[in-house]
Student: 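Quick one: structure below, then a few questions.
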There are 2 protein chains.
Amino acid sequence: MKAKITLKDIARELEVSISTVSKALKNSEEISRDTKEKVQAFAKLYNYKPNNIAISLKNKRTKNIGVVIPDIVHHFFTTVIRGIEKYANARGYNVIVCLSEESFDKEVINMEMLANGSIDGFIMSLSSQTQEKGDYNHLKEVTEQGIPVVLFDRITHEVDCDKVIIDDELGAYQATKKFIDQGKKKIALITTDDYLSVSKARTKGYWKALEESELDADQSMILKMPSMEMDEEAIKTFLGNKEPDAVLCVNEIFAVCGMRFVQKKGLRIPEDIAFIGFTDGVLSKYANPSLTVVAQHGEKMGEESARMLIEKVESEAEEETYQTKILEPTLVIRDSIAH
Amino acid sequence: MKAKITLKDIARELEVSISTVSKALKNSEEISRDTKEKVQAFAKLYNYKPNNIAISLKNKRTKNIGVVIPDIVHHFFTTVIRGIEKYANARGYNVIVCLSEESFDKEVINMEMLANGSIDGFIMSLSSQTQEKGDYNHLKEVTEQGIPVVLFDRITHEVDCDKVIIDDELGAYQATKKFIDQGKKKIALITTDDYLSVSKARTKGYWKALEESELDADQSMILKMPSMEMDEEAIKTFLGNKEPDAVLCVNEIFAVCGMRFVQKKGLRIPEDIAFIGFTDGVLSKYANPSLTVVAQHGEKMGEESARMLIEKVESEAEEETYQTKILEPTLVIRDSIAH
DNA sequence: TGTCAACACGAAACCGTTTTCGTTGAATAT
DNA sequence: ATATTCAACGAAAACGGTTTCGTGTTGACA
């Protein structure tokens, strides 16, 4: 086992000072050609690499980004991470991933763990419990310490920081409009509780499209699932009772379950009943029939978040200006609607 | 913006030395009750938290784990990460995730980035390119430096380190056996190229089950997809020509595609043709019909990997004994086979 | 009154860098 | 011969902790 070599080791071996070694390795003008060559050759030979921790301590920059998200076994979040990773890595940053598992406490603990020097900034999507509670003190504390934060997707307006979202309202609006344009009359919505910022926005878009049309918007055509957990029975009962001819779902899973149920009942998709979901994941692509979805462009979102964060991290100026970037959703047309 | 407070700040305010503050906060016996209370109260008031970087530098432990995997938008890997996260977090470790994107170079770069002090150990699954190349020097270098490594799923026996795998051969064997027991005669296998350690093992298990039976094992009943990319046409042609009555697939996607194709041809699943896939992901669960799979227990694998790594990290002893933990796969029976 | 623990605390080294600010010795200018 | 400049390097502080090893004060005891 050959241990890591340090500046001190090189200095000792070459009988020069540590500062000389450090400067020589940075090709400083201060050092003579001879010495530089000698030092650099030696460093190369022994595969010297500076210790990141020491450097971090010195210049108070870790080149680490903390990402705190509710869940990772979820297509949307993984694509966001990939986007973050991609951008961050290209800029020499590492990504530390922490999972809140939809729990407020875990979110707080994770942030505290990272906020003490481990990272230069946070990229986060709020846990459902946090959004339900409406308690954002852990975020405020961090921003007050001067640590930059970027919120994506599940955000709150109560914290001053950069934000990246897609226009969920618009996405739902366009999807609903699509149904209306195709002559659908009884359009249902399957969503989750309103405290999730995204669900709220999507419901709004759905509602808006209906109100703009001749169709009467009907509260009873909305099914609110109490949690993110799947409750297949609830969906079956709802679809069985309401008999809609089009269903908008706030995620893939609700949609695929719905499709499976109506198919078993003998209905044809999309002729008798059409489906649109949110999230362009693997499920939509390989569902039978394939599912039309409002794509959220997670990877783009991740890249954008990383870009905004790193910009803040690297800017010396302490401007207190924050922006909210709104990405446009796009409808990915597949076989679950007519086309 | 209130900046982070340091020991030095506390020492100055309270007119004691830094060492006293440090000891007081650790409740050292050396310090008087009075002083301890004073210091602790002050620290609490100003919300003092020690700087992780400084501590890392001092005791040469970062409490960070580096995870390098080929891909994250893949159900199996995300479950593994979740398992790692869970265990590591409970032990006070953070997880730094790096993606090799199946590229050898990226794998090397990522490891180099992390190996200079950023992490205490690695948990990895090899990129396909690395397995294809068979070049494991980057791994060897790291282990020679005394940095513990745990390899999972996509491993190599050329590196001395702990390993966690599932018994892929057994999984494929059991699945194939299941087909045979159910009276299937023409059992096909859809896999990827052999350089992937897991595909190789699965092919072996498939082969073994066939050889043990009366059925003649036939090379032409194996479709090797050139890459991890989906080539729907290849699957269609293969299934169209060979007309198997059972298909084992090394992942979910191949299986779901296959199912969709044969359904369009009017075949009934599982009566006319049965399917079993690998990976108990979201796709299998919500496919129509739902897909029977060999579950890989990713979360367990992640936990196990983290456990082994942290044990090595925290053990002072430099025992050079490595173990390979083999997890048992389980068949999750769903509607794509008779039952 | 002198000695010795025990107590409570501080000085300083250390982890591995970077960086500022000397300090040499030699070459050049005066 | 003296002053000035410059090249080439080293000492030391700093980042924020931990830890070892003093050291000064106190009280008890002989």
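We name chains A, B, ... by the order of the sequence lines, and we start the count at 1 in each one.
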Student: Can you give one letter per nucleotide of nucleotides 4-12 of chain C, going 5' to 3': B for a protein heavy atom under 4.0 Å from the base, S for sugar-phosphate only, - for none?
Tutor: ----BBBBB

Student: Using rotation axes that map the C1' atoms of four end pairs onto the next four (five pairs an end), what angle separates the end axes of the helix from C/dT1-D/dA30 to C/dT30-D/dA1, to 10°?
Tutor: 90°

Student: Is a salt bridge present between A/Arg307 and A/Glu304, judged by a nitrogen-to-oxygen distance below 4.0 Å?
Tutor: yes

Student: Tell me which pairs pass side chain to side chain donor-acceptor pair (under 3.5 Å) where either residue lies in residues 55-69 of chain A, with sequence neighbours left out.
Tutor: A/Thr62-A/Asp120

Student: Please list, by residue number, the residues of residues 41-58 of chain B whose heavy atoms come closer than 4.0 Å to an atom of DNA chain C; answer none if no residue qualifies.
Tutor: B/Leu57, B/Lys58

Student: For A/Ser22, which contact category applies under a 4.0 Å heavy-atom criterion: base, sugar-phosphate, or nothing?
Tutor: base

Student: According to salt bridge (charged side-chain N to carboxylate O under 4.0 Å, His left out), who are the partners of B/Glu101, at least two apart in sequence or on a separate chain?
Tutor: B/Lys106

Student: So, using side chain to side chain contact (heavy atoms under 4.5 Å, CB included) as the criterion, who are the partners of A/Pro70 when residues are at least two apart?
Tutor: A/Phe77, A/Ser100, A/Glu102, A/Ser125, A/Arg154

Student: Can you pull the salt bridge (Lys or Arg N to Asp or Glu O under 4.0 Å) pairs that have at least one residue in residues 124-142 of chain B, sequence neighbours excluded?
Tutor: none

Student: side-chain contact (heavy atoms from CB on, under 4.5 Å), that's the test. Do B/Tyr93 and B/Val313 meet it? Break it down for me.
Tutor: CA-CA 11 Å; B/Tyr93 284 76; B/Val313 166; 3.7 Å; yes

Student: Identify, with sequence neighbours excluded, every residue that meets side chain to side chain contact (heavy atoms under 4.5 Å, CB included) alongside B/Lys4.
Tutor: A/Asn116, A/Gln145, B/Lys49

Student: Identify every side-chain donor-acceptor pair in residues 36-44 of chain A under 3.5 Å, counting partners at least two apart or on other chains, and give the distances.
Tutor:
unit_1: A/Lys36; atom_1: NZ; unit_2: A/Ser28; atom_2: O; d: 3.1
unit_1: A/Gln40; atom_1: NE2; unit_2: A/Ala24; atom_2: O; d: 2.9

Student: Of all nucleotides in DNA chain D with an atom under 4.0 Å from a non-hydrogen atom of chain A, which is the first and which the last going 5' to 3'?
Tutor: D/dA8 to D/dG16

Student: Not counting sequence neighbours, which residues clear side chain to side chain contact (heavy atoms under 4.5 Å, CB included) with B/Glu15? List them please.
Tutor: none

Student: With sequence neighbours left out, write down each residue that passes salt bridge (charged side-chain N to carboxylate O under 4.0 Å, His left out) with A/Asp105, or none if nothing qualifies.
Tutor: none

